[in-house]
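Start at 1 and go down the list; that is how both ligands and their atoms are numbered.
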Amino acid sequence: MTKQLRWGLVGASRIAAEWIIPAIRATPGNEVVAVQGSNAARVSEYARTNDIPLTCESLEELLSAGVDAVYISNTNEKHARAAIAALNAGKHVLGEKPMAMTEQDAREMVSLAKHKNLVLAINHHLRGMNSHRKLRELVESGVLGDLVAVRAMFGVLLPQHNRGWRTDSASAGAGVFFDLTVHDADTLHFILGEKFVRVAAFTSNNGISAKGIEDGVATIAQTASGLTVQITESFAIEHARTTLELHGTKASVFADDVLLQRPGGRLELSVQGNRQEIPIEHENAYPRVIAAFADAVRGVGRPLVSGEDGLASLRFALAARTASTTGRVIEI
Ligand code: NDP
């Protein structure tokens, strides 16, 4: 029998409760053994509600609790420190996005994982969605022909329960760049099979984020092959669904409602303007993230999104932010 992978959770967060704890429990060979949070009463209540045997107030306590892997989902400014401590303690790491708030910290995480021969993965879960896998397949197989234009629209009205540090605290990594831009960068790197090399961006504040923090970003970016991509991201769009459009010389594909946590959405292939639905069997992406991670820990395959992939998405978001503040096109 394979040894159980014993997970410790760093951060008593909503995403862990809603998606990751169920995903770990749904994946044979994985169990949640401990959770760490900064507030004793809150983390105890969280452990009780989520049926987690051990609560820890400090990271050091969690790392000494016999865990094999940690899932880091506290606020963004804490990700890198937690990951570096966990890797130094010999633990495999699944980190939330953004993997860090600086390129330097992200690079340190990547080289530490390599040096220690540990798995470092980042939870850009959209790579696990069948809709996005199909989009990648359409690009790779040549069904679309040569791509001539791509558009992404990740606009939502941020629910009240997701406001707070995410909209108001610059020191905790608030704003769209660290929340949505990193996701879009990873998704597009995955679907297009190549990385962005330059970016220009503008931001807006529509009253969802605190003054001085963006709640809207409009980006134009170019990949290594010269493909131009337009991306709109927002916490303030109430009446639309998230979308992706890939336009090629042979066909276009329109993906509707596909940039969310829950699986779902619709893909349509368009040839000469005639649209036909592409059937997709939707699946929850988070158990896939966990299964690929656990396999990689056991030496089989690689995680869905590696530390290097996370670094690439972070570098894009940081470059887009610099582009917006300087008004210049930034080479990545
Ligand atoms: P939460 O706001 O739910 O939790 C983040 C941290 O905030 C917790 O770890 C906790 O800190 C603190 N906290 C939470 N609730 C309270 C409270 N009531 N009072 C005081 N402190 C509180 O964050 P999310 O779950 O929305 O996001 C966590 C991370 O996951 C972020 O980095 C985000 O970017 C990422 N994320 C990723 C998604 C994905 O699909 N990949 C989707 C959603 C989020 P502590 O534990 O230190 O006590």
Side-chain angles (χ1 to χ4, degrees), residues 8-24 34-47 49-50 52 55-62 70-83 85 93-101 105-106 109 121-129 132 154 156 158-169 171-187 190 209 213 233 235 242 258-264 284-290 292-293 303-305 309-310 313-314 317:
L9 309 181
V10 180
S13 68
R14 177 178 277 267
I15 171 136
E18 283 185 359
W19 294 99
I20 297 297
I21 296 170
I24 292 174
V35 57
Q36 180 268 332
S38 54
N39 176 294
R42 217 182 65 79
V43 73
S44 294
E45 177 55 21
Y46 187 95
T49 317
N50 292 288
I52 301 171
T55 63
C56 306
E57 279 178 58
S58 75
L59 184 58
E60 292 65 31
E61 207 183 318
L62 181 92
V70 297
Y71 166 64
I72 300 169
S73 67
N74 43 17
T75 46
N76 297 341
E77 85 287 12
K78 295 180 181 167
H79 294 176
R81 190 185 84 77
V93 171
L94 172 62
E96 263 309 335
K97 39 60 61 167
M99 67 186 286
M101 283 174 51
D105 281 349
M109 288 162 65
I122 308 302
N123 189 27
H124 287 299
H125 68 289
L126 291 170
R127 286 194 190 212
M129 294 285 193
H132 296 277
F154 197 159
V156 293
L158 199 68
Q160 279 300 340
H161 63 247
N162 278 343
R163 302 187 194 183
W165 67 265
R166 198 186 246 95
T167 48
D168 299 347
S169 172
S171 59
V176 168
F177 289 118
F178 284 139
D179 202 53
L180 305 181
T181 309
V182 281
H183 262 328
D184 286 334
D186 184 71
T187 303
F190 172 67
S209 289
I213 298 175
E233 290 146 344
F235 290 161
T242 61
V258 289
L259 293 170
L260 297 172
Q261 289 178 286
R262 58 169 168 74
N284 182 344
Y286 295 97
R288 276 198 173 146
V289 172
I290 300 299
F293 181 93
L304 233 51
V305 180
D309 296 326
S313 67
L314 177 68

- Query: For atom 34 (O) of ligand 1, which candidate among M99, E96, R163, K97 holds the nearest heavy atom?
  - Reply: K97
- Message: Can you tell me how the ring of H125 sits relative to the ring of Y286, calling it parallel under 30°, perpendicular over 60° and tilted otherwise?
- Response: parallel
- Item | H124 touching ligand 1 at heavy-atom level, < 4.0 angstrom | no
- Intermediate values then yes/no, side-chain contact (heavy atoms from CB on, under 4.5 Å), Y71 and I290: CA-CA 10 Å; Y71 166 64; I290 300 299; over 6 Å; no
- Judged by non-hydrogen atoms, does E18 sit under 4.0 Å from ligand 1? no
- Message: When you measure from the side chain of Q36 to the backbone of E57, do you find a donor-acceptor pair of N or O atoms at a distance under 3.5 Å?
- Response: yes
- Note on the structure: Near S38 (heavy-atom distance under 4.0 Å), the atoms of ligand 1 are 45 (P), 47 (O), 48 (O)
- Query: Does W165 have a heavy atom less than 4.0 Å from any atom of ligand 1?
  - Reply: yes
- What one should report as the nearest heavy-atom pair of G8 and L62 is CA-CD1, 4.0 Å
- Would you mind reporting whether L304 and F190 have side-chain heavy atoms less than 4.5 Å apart? no
- Any idea which protein heavy atom is nearest atom 32 (O) of ligand 1, and the distance to it? N76 OD1, 2.6 Å
- Protein contact of atom 28 (C) of ligand 1 - nearest heavy atom, named by residue and atom, plus distance: S73 O, 3.2 Å
- H124 and H183 aromatic ring geometry - parallel, tilted or perpendicular at 30°/60° bounds: perpendicular
- Identity and distance of the protein heavy atom lying nearest atom 15 (N) of ligand 1: R42 NH1, 3.2 Å
- Using a strict 4.0 Å cut-off to heavy atoms of G11, name the atoms of ligand 1 that fall inside it. 9 (O), 46 (O)
- Backbone or side-chain N or O of R166 under 3.5 Å from ligand 1 N or O: yes
- Message: Test your reading of the structure: does A16 have an N or O sitting under 3.5 Å from an N or O of ligand 1?
- Response: no
- Grab the two heavy atoms, one from F154 and one from D184, that are nearest each other, plus how far apart they are. CD1-OD1, 3.2 Å
- Query: What is the nearest protein non-hydrogen atom to atom 3 (O) of ligand 1, stated with its residue, atom name and distance?
  - Reply: R14 N, 2.8 Å
- Message: Students should be able to answer this: which protein heavy-atom is nearest to atom 7 (O) of ligand 1, and at what distance?
- Response: T75 CG2, 3.9 Å
- Item | Verdict with supporting geometry, S171 and E77, side chain to side chain donor-acceptor pair (under 3.5 Å) | CA-CA 7 Å; S171 59; E77 85 287 12; 6.0 Å; no
- Query: Can you find a non-hydrogen atom of H161 under 4.0 Å from ligand 1?
  - Reply: no
- Check whether any side-chain heavy atom of I20 sits under 4.5 Å from a side-chain heavy atom of N123, and report yes or no. yes
- Does Y286 reach ligand 1, in the sense of a heavy atom lying below 4.0 Å from it? yes
- Message: Quick test: of every protein heavy atom, which one is nearest to atom 38 (C) of ligand 1, and how far off is it to 0.1 Å?
- Response: I15 CD1, 3.2 Å
- Message: Using a 3.5 Å cut-off on N or O atoms only, is A12 in polar contact with ligand 1?
- Response: yes
- Please step through side-chain contact (heavy atoms from CB on, under 4.5 Å) for the pair I122 and D309, ending with a clear verdict. CA-CA 8 Å; I122 308 302; D309 296 326; over 6 Å; no
- Proximal ligand 1 atoms for N74, defined as those under 4.0 Å from one of its heavy atoms: 9 (O), 29 (C), 31 (C), 32 (O)
